[in-house]
Amino acid sequence: MPELPEVETIKNSLKTCLKGQTIKSCEVSLPKLVSPDDFAEKIKGQSINDLKRRGKVLLIFLRNWVLLVHFKLTGQLIYLENPLSPPPYTHIEFSLEKGKLYYADLRQFGRLVLWPVKELDECPLLKKLGPEPFELNIDTFFRLLNKSSRKIKTFLLDQEKITGLGNIYVDESLFRAGVHPERPANSLSFEEAQRLLKTIKEILNEAINLGGSSVRNYVDGHGESGRFQEKHLVYGRRGKPCPKCQKPLAYAHIAGRGTTFCPYCQK
DNA sequence: CCGAAACCCTGTGAGC
DNA sequence: TGCTCACAGGGTTTCG
């Protein structure tokens, strides 16, 4: 599922080929995925000026609109210069000057929102997002942690506290930093918070460098898989030996998410 | 304030 | 082998 490193990879993979192109037309076959209702008419004729990312949201800057894409679990944006047929589960098709851009989504959880550039900050997809992990310094992070008595896993998944982390990178970060997922956020010492934030940034960077994690159906804008899933130490490895102590990895439901961790190595 | 659960979806894989 | 069914999960909403 596209978390920060995956969306960053999608953005980078699409930027060169989309920038400067004009959207000639757009066909929506699953209207619930888009807003507003006249999405297709509004986007027609718009030129693509730039691509950015905020948290897990991809922003495609058009002439006077921004197309915001939230991929949720199984959304994909695929650009084909010489399309023969749409990718499976395609629900939206953008015809460009050169080639086509497809939005495919197996579970139909994703959303595409067209929003006026001038009022971008007001868009519900962005409005309540917390700081980007890379722009977060330890003093701010520690202060945020201290204000919350929720479990650290719940805290890290909360996009209003820090944006971009999902289930994979939270589990991986907590394991590498040696922090138990059920620890109250405000119980972490300054040193633990320092280690955790450093670990989060390291893991996100490594994942971006490897093109993200391809679990489920994640691929970049050219249909290429990522390779960071090969580096996962705990995610998807419940019951298997802990990479550090060899005891079986434990599993629990925290914040409604499956959580894999080592009860011996994570304190 | 906090947490738990339902909801939106459908492919996958475990179990019978 | 073939079927059924719980499970997976990001974000939102509702309820306790």
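Below, read A as the first sequence line, B as the second, and so on, with proteins coming before strands; counting in each chain starts at 1. The model shown is predicted, which means the values in this text are computed figures rather than measured ones.
In summary, of the residues considered (Ile168(A), Ile208(A), Ile203(A)), a side-chain contact (heavy atoms from CB on, under 4.5 Å) with Pro5(A) occurs for Ile208(A) alone.
Looking at heavy-atom distances under 4.0 Å, Tyr89(A) makes contact with sugar-phosphate atoms alone, never a base. Contact annotation for Ser149(A): backbone-only contact, meaning every heavy-atom pair under 4.0 Å involves sugar-phosphate atoms and none involves a base. Here Tyr218(A) lies out of heavy-atom contact (under 4.0 Å) with every strand. Residue Phe155(A) is classed as having no contact, given no heavy-atom separation below 4.0 Å to the nucleic acid.
Gln159(A) has no side-chain polar atom (N or O) that falls below the 4.0 Å cut-off from OP1 or OP2 of dG10(C). The shortest distance between the side-chain N/O atoms of His253(A) and the OP1/OP2 oxygens of dA8(C) is below 4.0 Å. Residue His70(A) has a polar side-chain atom (N or O) positioned under 4.0 Å from OP1 or OP2 of dG11(C). Contact check, Gln108(A) against dC8(B): no side-chain N or O comes under 4.0 Å of OP1 or OP2. Regarding contacts with the backbone of dG11(C), a side-chain N or O of Lys56(A) is found under 4.0 angstrom from either OP1 or OP2.
Atom-to-atom, CG of Asp158(A) to C1' of dC2(B) comes out at 12 Å; the value is rounded to the nearest Å. Atom pair Asn167(A):CG and dA8(C):P shows a separation of 10 Å (rounding to whole Å applied). Rounded to an integer number of Å, the gap from OH of Tyr235(A) to C1' of dC7(C) is 12 Å. The nearest whole Å value for the distance from the NZ atom in Lys72(A) to the C1' atom in dA8(C) is 15 Å. We find that CG of Leu33(A) is positioned 9 Å from P of dC9(B), with the value rounded to whole Å. One can place CD1 of Ile254(A) at 15 Å from C1' of dG9(C), the figure rounded to the nearest angstrom. Remark: C1' of dC8(B) and CG of Asp105(A) are 11 Å apart, rounded to the nearest angstrom. Counting to the nearest Å, the P atom of dG11(C) and the CG atom of Leu125(A) are 10 Å from each other.
You'll find the ring centres of Phe261(A) and His180(A) inside the 6.0 Å limit.
The residues Arg257(A) and Asp171(A) are annotated as not salt-bridged, no charged nitrogen and carboxylate oxygen being separated by less than 4.0 angstrom.
Cluster annotation: Leu156(A) and Phe142(A) are assigned to the same hydrophobic cluster (Ile/Leu/Val/Met/Phe/Trp/Tyr, side-chain heavy-atom contacts under 4.5 Å, transitive). By the rule that hydrophobic residues join a cluster once side-chain heavy atoms approach within less than 4.5 Å of another member, Phe228(A) and Val219(A) end up as members of separate clusters.
Where stacking is scored as ring centres under 5.5 Å apart with planes under 30°, Phe109(A) does not register as stacked on the base of dG11(C).
A donor and an acceptor atom never sit less than 3.5 Å apart when one is taken from the side chain of Arg111(A) and the other from the base of dG10(C). For a distance-only test at 3.5 Å, the side chain of Arg150(A) fails to qualify as a donor-acceptor partner of the base of dG3(B). At a cut-off of 3.5 angstrom, counting only N and O atoms as typed in the model, there is no donor on one side facing an acceptor on the other between the side-chain of Arg257(A) and the base of dA8(C).
Comparing Leu73(A) and Pro124(A) against DNA chain C, the residue whose closest nucleotide sits nearer the 5' end is Leu73(A).
Looking only at atom types and distance, the side chain of Asn64(A) has no donor-acceptor partner in the side chain of Lys42(A) under 3.5 Å away.
Distance from the side chain of Thr154(A) is smallest to dG3(B) among dG3(B), dC9(B), dG10(C).
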